[in-house]
Protein chains: 2
Amino acid sequence: MKKTFGGGAPPAPAALAAKVRTLAPSMTRSMQRVAEAVAGDPAGCAALTVTGLAELTGTSEATVVRTARLLGYPGYRDLRLALAGLAAQQQSGRAPAVTADIAVDDPLADVVAKLAYDEQQTLADTAAALDTVQLGAAVTALAGARRVDVYGVGASGLVAQDLSQKLLRIGLIAHAHSDPHLAVTNAVQLAAKDVAIAITHSGSTGDVIEPLRVAFEHGATTIAVTGRPDGPVSQYADHVLTTSTARESELRPAAMSSRTSQLLVVDCLFVGVAQRTYETAAPALSASYEALAHRHRP
Amino acid sequence: MKKTFGGGAPPAPAALAAKVRTLAPSMTRSMQRVAEAVAGDPAGCAALTVTGLAELTGTSEATVVRTARLLGYPGYRDLRLALAGLAAQQQSGRAPAVTADIAVDDPLADVVAKLAYDEQQTLADTAAALDTVQLGAAVTALAGARRVDVYGVGASGLVAQDLSQKLLRIGLIAHAHSDPHLAVTNAVQLAAKDVAIAITHSGSTGDVIEPLRVAFEHGATTIAVTGRPDGPVSQYADHVLTTSTARESELRPAAMSSRTSQLLVVDCLFVGVAQRTYETAAPALSASYEALAHRHRP
DNA sequence: AGCCACGTGAAGAAAACTTTCGGGGGTGGT
DNA sequence: ACCACCCCCGAAAGTTTTCTTCACGTGGCT
């Protein structure tokens with residue numbers, strides 16, 4: 001049997017380059033060529049078979065295998081696996097270069113990476129900044145509500161609809177309004193046991209503030225989901241849930257990240273309510289699931 | 001546009017877990033066992049040979065190879081390399097603390113953290129799995145479109161509306177339909193230079209497939225945004241954009257993460273188109289911004 | 001100069017991977 | 001309820017890749 005240099009039994013994880021340097025002096029010329037290739041381009045070498053690497057380095061398969069052994073692996077196969085791992089690490093290591101803004105001439109791959117990164121950031125920010133006390137109060141109000149009205153226009157209108165759709169699924173009587181007139185008309189109907197929710201990024205969207213004010217004055221519990229907790233909308237809100245505001249740019253309108261943030265808040269509301277009303281929510285959820293099943297094709 | 005799922009793009013690096021979830025439904029039982037093992041313990045499986053993995057999962061070598069193929073690799077050897085890379089990445093990465101499911105009695109703070117984490121994960125998965133070639137083709141089609149119709153019902157309907165709202169803002173003629181009858185009626189109008197987009201998580205929502213089919217048969221360029229790229233909807237899609245599928249649970253319906261994933265894809269489409277049509281998009285964007293300004297209160 | 005030791009690659013053996021093929025089980029139709 | 005069909009699945013044959021053996025050549029040392 002041969003002796004295993006490189007110390008103990010376990011093969012090298014990421015310290016491969018170092019090991020190559022350490023062991024290089026004890027290597028023969030052709031083995032050095034192999035080791036050099038391996039250390040220089042792990043990703044490239046990982047794609048090669050023994051024969052391929054042998055040809056690339058102008059040596060033979062036997063030499064490649066010998067080198068692998070010297071580096072502490074049972075054979076070339078395992079060296080290759082380690083190489084793949086190393087390559088992946090290096091790959092992921094130089095990831096966080098995506099903080100830059102999206103430019104007009106960015107390739108699509110960059111656009112995808114940047115958008116995903118930004119939205120992830122927005123989520124983290126929102127979660128960190130969300131006031132769980134306010135959230136809890138809002139959930140309590142919703143869980144006991146006779147009726148829920150949600151106001152939102154433009155991009156926030158979709159979030160409002162999303163929330164009402166979800167609440168409907170767990171048995172609440174929820175309605176989303178994006179028509180300001182109808183919203184006000186309905187707000188008049190609200191009373192003590194009801195809840196009104198206004199969703200507005202700017203915190204100053206008149207079309208949304210107005211119905212909230214009406215609901216507030218009629219004694220309903222009011223909730224504002226806004227990126228500007230100091231904005232006019234908070235005036236009429238019993239509970240304010242703050243969404244985060246990400247930097248925007250020409251190619252990345254504020255609506256994009258505010259939407260992500262709003263949706264997270266809305267999801268939290270939903271799950272919170274579903275928890276509190278689990279007895280009724282669970283059957284309602286599965287019922288709506290069942291009801292939709294036959295709408296799918298084989 | 002068939003057969004090679006995973007989108008013809010080069011094999012996945014880190015998006016493997018996501019890909020497994022995406023493709024799992026279209027797998028046979030024994031393939032699922034293999035996929036599960038692979039996704040559950042990348043490091044362990046990377047150490048195994050085909051035969052070993054076959055024995056571990058109680059299947060045959062042939063099945064293991066078939067699974068590797070389905071996941072987008074030429075064979076098991078390459079899957080194994082990817083696995084090694086993934087393992088290394090996980091190793092170097094930190095320990096995700098909040099992987100647990102949401103329970104009925106979780107405090108709200110946990111709910112917020114878990115939801116945020118899950119959605120971040122969904123974003124990362126989606127970005128990693130998104131086929132930029134297909135995306136590019138879709139963007140090109142959109143940028144040159146005379147008219148764009150977007151179909152989506154239920155939760156996906158909101159995404160469809162979000163997309164059409166955005167496209168309208170940069171000067172495209174876009175329309176979202178959630179009424180299946182109207183959608184079909186409108187689809188008949190589409191012709192060669194037009195684009196139809198279907199958004200459906202399940203990939204088998206009849207109400208959405210039907211208008212896409214009509215558009216397809218009338219010569220429009222068709223795009224499917226779906227979590228099941230092998231589903232019926234892809235049949236009538238020139239370009240398929242895959243959204244990722246996160247694990248779901250009772251308190252966390254699939255609609256939630258699929259929505260996040262769909263929105264990212266839709267945002268990418270939007271930014272892509274905005275880039276291509278920058279000359280017209282930029283002024284249109286600021287014009288719509290101006291127009292809304294006076295709707296805000298002091 | 002001759003001998004020895006070691007590095008090296010060619011070729012064959014073994015292992016791992018891939019493909020083919022036919023049986024078994026489930027499904028849909030009659 | 002029965003039958004026919006199709007598709008999933010694993011056994012085994014076939015192919016590629018990896019490992020081992022062995023003999024040759026080179027260079028140094030006596």
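Chain naming here is simple, since letters A, B, ... match the order of the sequence lines and numbering starts at 1 in each. The structure displayed is predicted, hence computed values, not measured ones.
- Listed nucleotides: C:dA16, C:dG9, C:dT20. Nearest to the side chain of B:Ala62: C:dT20.
- Atom OH in A:Tyr73 sits roughly 16 Å away from atom P in D:dT18 (whole-Å rounding).
- Taking every side-chain heavy atom of B:Arg69 into account, C:dT18 is the closest of D:dT17, C:dT18, C:dC17.
- In this structure, of C:dT19, C:dG9, D:dC19, it is D:dC19 that holds the atom nearest to the side chain of A:Glu61.
- For B:Arg80, the listed nucleotide lying nearest its side chain is C:dC17; candidates were C:dC17, C:dT8, D:dC19.
- Distance from the side chain of B:Thr49 is smallest for C:dA16 among the nucleotides D:dT20, C:dA16, C:dT8.
- Counting to the nearest Å, the P atom of C:dG9 and the CG atom of A:Leu53 are 12 Å from each other.
- The residue among A:Asp78 and B:Ser30 whose nearest nucleotide of DNA chain D is located toward the 5' end is B:Ser30.
- With rounding to whole Å, B:Met27 atom CE is found 13 Å from D:dC8 atom P.
- For B:Tyr76 and D:dG10, the OH to P distance is 16 Å, given to the nearest whole Å.
- Rounding to whole angstrom units, CZ of residue A:Arg77 and C1' of D:dT18 are separated by 6 Å.
- Contact annotation: B:Thr63 side-chain N/O to D:dG10 OP1/OP2 distance is under 4.0 Å.
- At a threshold of 4.0 angstrom between heavy atoms, the contacts of A:Arg66 include nucleobase atoms, whether or not backbone atoms are also involved.
- Protein atom CE of B:Met31 is 12 Å distant from nucleotide atom C1' of D:dC7, rounded to whole Å.
- In this structure, the side chains of B:Leu135 and B:Leu269 come closer than 4.5 Å at one or more pairs of heavy atoms.
- At whole-Å resolution of the value, CG in B:Leu70 and P in D:dC7 are 16 Å apart.
- A straight line from CZ of A:Arg33 to C1' of C:dT8 spans 11 Å, rounded to a whole angstrom.
- Of the residues listed (B:Thr222, B:Thr221, B:Ile197), the one engaging B:His239 in a side chain to side chain contact (heavy atoms under 4.5 Å, CB included) is B:Thr221, and it is the only one.
- Backbone-only contact: B:Gly58 has heavy atoms under 4.0 Å from sugar-phosphate atoms and none from a base.
- Enclosure of atom NE2 in B:His175 is not indicated, since only 12 or fewer non-hydrogen atoms of other residues, nucleotides or ligands lie within 6.0 angstrom.
- Of the candidates D:dT18, C:dA16, C:dG9, D:dT18 carries the atom nearest the A:Val50 side chain, counting heavy atoms from C-beta on.
- Inter-residue side-chain proximity for B:Ile199 and B:Val266 is flagged as met; some heavy-atom pair is nearer than 4.5 Å.
- The closest donor-acceptor contact from the side chain of B:Arg80 to the backbone of B:Leu48 lies under 3.5 Å.
- In this model, the phosphate group of C:dG7 is not approached by any side-chain N or O of A:Thr28 to a distance below 4.0 Å at OP1 or OP2.
- At the heavy-atom level, B:Thr59 lies under 4.0 Å from the strands shown only through sugar-phosphate atoms.
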